[in-house]
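Atoms within each ligand, like the ligands themselves, are counted from 1 in listed order. This one's a predicted model, so the numbers in the text were calculated from it and none came from an experiment.
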Amino acid sequence: MTRTVMGAAALRDMGGERMGTAEAAVRRTGVDTWWRDAVVYQLYIRSFADGNGDGIGDIAGIRARLGHLRDLGVDAVWINPWYPSPMADGGYDVADYRAVEPVFGTEEEAAALVEEAHALGLRVILDIVPNHSSDRHVWFQEALAAGPGSPERARYHFRPGRGPGGDEPPNDWRSVFGGTAWTRVTDGGEPGEWYLHLFDAAQPDLNWADPRVREEFESILRFWFDRGVDGFRIDVAHGLVKSDGLPDLGGDDENMLAPVERTDHPHWDRDGVHEIYRGWRRVADSYPGGRVFVAEAWVDSPERLARYLRPDELHTAFNFDFLRTPWDAPALRKSIDHSLATVAEVGAPPTWVLSNHDVVRHVSRLGRPATNGAGHSLSHLAPATTLDLELGRRRARAAALLMLALPGGAYVYQGDELGLWEVEDLPEEVLQDPTWERSGHTDRGRDGCRVPLPWSGSAPPFGFSPAGAQAAPWLPQPAGFASVTVEAQVSDPGSMLSLYRAALALRHAHPALGEGEFTWMPSGPDVLTFSRGAGFVCVVNLSDVPAPLPAAASVLLASDPDLTDGELAPDAAAWLSV
Ligand code: GLC
Ligand code: CA
């Protein structure tokens with residue numbers, strides 16, 4: 001067996017020379033399908049880079065760090081909401097959908113960012129939040145002022161309460177963040193109607209049965225498409241349509257996941273959402289250059305998810321089934337097969353994701369051997385089992401090679417490329433996620449995966465804010481970040497950053513990666529081995545003993561460079577040329 005481990009630089013050179021498969025497809029067909037195998041970097045703006053020293057990430061910070069994304073080798077960025085917001089839920093409470101939050105910058109800076117990203121070959125995807133607005137949105141303010149029965153209130157879900165004096169909420173729905181999904185307002189100085197909020201009380205749900213809501217959002221899409229934006233990630237895409245009459249749930253334990261056994265859920269994954277997305281697709285298709293949508297839809301089966309991806313609906317969706325699958329070969333194999341089969345039926349590409357700003361970082365999920373990353377990943381309750389961070393990192397390296405070798409698109413959450421872990425010991429007084437308060441201090445919420453990135457240096461703010469910044473980062477960074485800064489990793493060939501760079505460069509350069517052929521190859525029960533055609537094979541060893549590599553293979557890239565006697569160590573992955 002011959003083996004060579006290519007240097008990242010050599011791989012990058014290859015990437016530079018080869019025209020992307022997507023580009024070639026545009027030439028052939030005239031249709032821009034760049035998104036079918038794109039790697040998208042999720043940029044959580046508050047925590048990426050702070051340009052002006054107030055301790056909060058901003059557009060100036062992104063512009064100064066675009067080189068990191070270019071060197072990493074991603075194809076696009078998805079930026080979490082940057083609109084004016086009181087930040088009751090990290091910007092997912094939008095007060096004005098056609099402007100930029102002053103803390104993050106100006107509309108001129110946003111335009112410059114889009115232009116600079118495009119010049120580097122990076123597409124820009126924004127986050128749109130159609131299920132709810134902020135309670136400071138002019139529509140909600142008008143609704144409060146106009147009173148019961150008014151057309152202003154009809155844009156939201158206002159109802160009289162139940163029980164004597166209307167003192168009880170109109171139904172039994174629960175907020176995803178804890179507690180009832182209803183808050184009562186005062187009408188004419190007296191306790192009045194209640195309004196629905198599936199999330200925080202500062203996030204009233206919009207009424208999508210009202211045509212003005214539909215028109216407004218199509219107009220917002222056009223506003224940003226006109227400014228060159230390449231697409232939108234759709235927040236809570238499965239939540240927009242509510243059942244007529246808002247019937248009781250009947251005691252279902254509420255979370256974001258539409259339960260599979262229930263196709264009549266009163267507010268998750270209702271059939272009516274699809275008509276909305278057909279309208280959105282028509283808007284996107286009226287623009288040149290491949291404008292796209294990616295759905296955040298927490299549905300409990302790949303079949304239900306595929307319904308969002310029919311040819312006249314959305315382009316792609318996050319594959320949360322993969323994210324929630326434990327580190328277990330048969331389970332992963334099943335999830336991969338199921339995902340591939342269901343999207344193929346509707347002609348959409350699969351996507352893969354390991355982490356985002358709502359879930360426990362996968363280094364920490366995979367570092368808990370007792371659960372192997374299983375369990376409801378949205379839960380940030382105090383972790384009950386011991387964490388083996390080294391194991392988590394090791395598996396995260398292997399998981400990255402697995403994900404990036406699968407067909408279709410992939411999402412990298414900022415900090416994945418640095419191997420960041422969930423910061424589980426943030427002091428209670430700094431927690432900002434509304435989940436912490438609304439759960440009565442039982443669930444610490446999602447702040448632990450949102451801690452500002454470490455760029456350089458040996459002490460906070462680790463280059464996140466400029467030298468001499470007047471404020472500390474909005475969440476404190478742990479001292480341990482010193483070992484995982486970009487600066488510390490960039491020249492270390494064994495680092496997570498070097499692994500991601502090499503993998504992404506190879507993914508661009510190798511004709512087998514991206515969309516296309518996928519075939520399982522024979523292997524032990526706890527090993528995943530698959531071919532992608534053109535002599536490319538990926539092996540992932542999830543067993544606790546070394547796994548033999550196929551004969552006559554040369555190693556293109558390995559998560560564990562120590563390949564003794566042609567064997568791959570446990571919790572490692574390799575990309576091979578055969
Ligand atoms: C989505 C977002 C999450 C937010 C929620 C309400 O799940 O990813 O961060 O809290 O929607 O908008
Ligand atoms: Ca700032």
Whether W298 lies under 4.0 Å from ligand 1, heavy atom: no
List the steps, then state whether ring pair (Phe, Tyr, Trp, His ring centres under 6.0 Å) holds for W455 with F462. CA-CA 5 Å; W455 293 92; F462 297 112; over 10 Å; no
The Ca ion (ligand 2) -> D58, closest N, O or S atom is OD2
So for R450, does at least one of its heavy atoms come nearer than 4.0 angstrom to any atom of ligand 1? yes
How about R136: does its CZ atom have over 12 heavy atoms from other parts shown lying under 6.0 Å from it? no
Ligand 1 atoms in contact with H132 (distance to a heavy atom under 4.0 Å): 6 (C), 12 (O)
If you count the atoms of ligand 1 from 1 in the order shown, which ones are under 4.0 Å from a heavy atom of R446? 3 (C), 4 (C), 9 (O), 10 (O)
N, O or S atom of G61 closer to the Ca ion (ligand 2) than 3.0 Å: no
Got a sec: is N52 within less than 3.0 Å of the Ca ion (ligand 2) via an N/O/S atom? yes
Between K242 and D205, is there a side-chain N and carboxylate O pair less than 4.0 Å apart? yes
Measure up the F318 and W78 rings against each other and bin them: parallel (under 30°), tilted (30 to 60°), perpendicular (over 60°). tilted
Parallel, tilted or perpendicular, judged at 30° and 60°: which one describes the rings of F199 and F177? perpendicular
Ring-plane angle category for H197 and Y195, please: parallel below 30°, perpendicular beyond 60°, tilted otherwise. tilted
Working to 10°, measure the angle at the Ca ion (ligand 2) formed by atom OD1 of D50 and atom OD1 of D54. 90°
Hey, which atoms in ligand 1 end up nearer than 4.0 Å to a heavy atom of H357? 2 (C), 3 (C), 8 (O), 9 (O)
Are more than 12 heavy atoms from other residues, nucleotides or ligands located less than 6.0 Å from atom CD of E115? no
